[in-house]
2 protein chains.
Amino acid sequence: MDAVDRAVLTELAADPRLPTAELARRVEVSVPTARDRLRRLQESGVIRGYHLDVDPAALGYPVAAFVRVRPGPGQLPKIAELARSLPQVSECHRITGEDCFLIKVHAADVGSFEETLDRFLLHGQTTTSIIQSTPVPPRTPGLG
Amino acid sequence: MDAVDRAVLTELAADPRLPTAELARRVEVSVPTARDRLRRLQESGVIRGYHLDVDPAALGYPVAAFVRVRPGPGQLPKIAELARSLPQVSECHRITGEDCFLIKVHAADVGSFEETLDRFLLHGQTTTSIIQSTPVPPRTPGLG
DNA sequence: GCTGAAAGCGGCTTCAT
DNA sequence: ATGAAGCCGCTTTCAGC
């Protein structure tokens with residue numbers, strides 16, 4: 001992870017669809033070098049992948065919420081499994097604290113959360129926080 | 001948003017770096033059609049962008065936490081501003097409930113959260129939950 | 001290990017249907 | 001929306017430093 005690697009990451013973060021040749025130009029190294037650096041960053045797992053950012057509203061989910069779930073006794077694996085199986089869930093984290101899971105849930109309107117929450121309520125208690133806005137959209141930490 | 005549009009989104013979600021020609025092949029439409037669909041999806045805001053997924057550990061942040069912040073009186077804008085300015089913050093949402101913000105914070109180790117939390121404690125109360133694992137990594141809701 | 005050039009392949013654009 | 005044609009650019013590989 002030297003300056004060239006960081007420059008590759010910074011440029012690719014700015015535009016993940018950048019072709020290798022253009023990437024080389026911006027980082028100011030030769031094409032084979034850029035290509036090798038990129039390959040190594042991918043194979044070593046520094047670059048985990050690429051994501052398409054789709055507006056959930058266009059897919060019928062204009063509202064989103066973070067739901068904390070505190071599982072009942074023995075219900076912990078079922079909650080993770082349920083989260084994975086629901087298309088309304090876009091994220092699920094195991095966390096420390098009184099609640100064991102933090103789940104991002106999407107819905108057609110504020111009322112529609114009920115159905116999804118009911119599925120989780122079978123296995124524990126839930127605390128729901130509607131997302132009103134996102135002052136800092138997802139970004140890579142530490143890349144300026 | 002017809003079946004072709006959804007197919008374009010599904011294929012691009014699977015591999016965001018897919019060239020237009022290859023995309024056309026997989027969706028089974030002509031190249032100009034795929035190109036036009038993609039252009040319209042981007043210009044209409046259905047596709048908000050593309051993201052590079054970098055392992056934060058490689059950048060010196062092996063641990064992450066979700067921090068809820070309840071602002072003191074009049075401190076609300078300052079917290080959003082602070083979140084935006086800190087490279088350790090990769091996400092910040094305004095939410096409903098007792099706490100006003102949900103912030104994703106990254107650190108070099110469990111102890112290092114202290115410094116970042118202190119910055120937020122100047123403007124309110126914090127509740128921290130370390131991320132232990134991520135059973136469902138970020139994905140697009142409603143795309144299978 | 002990085003550079004620069006050459007060859008081959010493929011994507012991009014435009015046009016006519 | 002399709003299919004073909006031509007141009008341009010990317011990728012790969014090689015020799016050299």
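Just so you know, these numbers use all the heavy atoms, side chains as well, and skip hydrogens, waters and symmetry mates. The chains referred to below are lettered A, B, ... by the order of the sequence lines, with proteins before strands, and numbering in each begins at 1. Computed from a predicted model, the values in this text were never measured in an experiment.
Note: CZ (B:Arg17) to P (D:dT11) measures 8 Å, nearest angstrom. Between the P atom of D:dT11 and the CG atom of A:Leu23 lies a distance of 10 Å, rounded to the nearest Å. Taking atom CG of residue B:Asp5 and atom P of nucleotide D:dA1, one finds them 10 Å apart after rounding to whole Å.
Of the candidate nucleotides D:dT11, C:dG11, D:dT12, D:dT11 has the atom lying nearest to any side-chain atom of A:Pro19.
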Per-pair distances, 0.1 Å, donor-acceptor, side chain in residues 60-67 of chain B, under 3.5 Å, sequence neighbours excluded:
none

Kindly list each side-chain donor-acceptor pair under 3.5 angstrom involving residues 102-113 of chain B, sequence neighbours excluded, with atom names and distances?
from     : atom 1 : to       : atom 2 : distance (Å)
B:His106 : NE2    : B:Ser90  : OG     : 2.7
B:Asp109 : OD1    : B:Gly111 : N      : 3.0
B:Asp109 : OD1    : B:Ser112 : N      : 3.0
B:Asp109 : OD1    : B:Ser112 : OG     : 3.1
B:Asp109 : OD2    : B:Ser112 : OG     : 3.1

Residues 115-136 of chain A side chain polar contacts: donor-acceptor under 3.5 Å, at least two apart:
from     : atom 1 : to      : atom 2 : distance (Å)
A:Ser129 : OG     : B:Thr96 : O      : 3.3
A:Thr134 : OG1    : B:His93 : ND1    : 3.1

Please list, one pair per line, the donor and acceptor atoms closer than 3.5 Å that link side chains of residues 8-20 of chain B to other protein atoms, with sequence neighbours excluded.
from    : atom 1 : to      : atom 2 : distance (Å)
B:Thr10 : OG1    : B:Arg6  : O      : 2.8
B:Asp15 : OD1    : B:Arg17 : N      : 3.1

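Counting heavy atoms from C-beta outward, A:Val54 and A:Leu59 have side chains that approach closer than 4.5 Å.
Within 4.0 Å of A:Arg40, counting heavy atoms only, lies no atom of the nucleic acid at all.
Within the structure, every side-chain polar atom (N or O) of A:Arg35 is placed at least 4.0 Å from both OP1 and OP2 of D:dT11.
Residues in residues 51-69 of chain A take part in these salt bridge (Lys or Arg N to Asp or Glu O under 4.0 Å) pairs, two or more places apart or across chains: A:Asp53-B:Arg48, A:Asp55-B:Arg48, A:Arg68-A:Asp99.
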Using nucleotides 2-4 of chain C, report all nitrogen or oxygen pairs with the protein that are shorter than 3.5 Å.
from  : atom 1 : to      : atom 2 : distance (Å)
C:dC2 : OP1    : A:Arg37 : NH2    : 3.0
C:dT3 : OP2    : A:Ser30 : N      : 3.1
C:dT3 : OP2    : A:Ser30 : OG     : 3.0
C:dT3 : OP2    : A:Thr33 : OG1    : 2.8

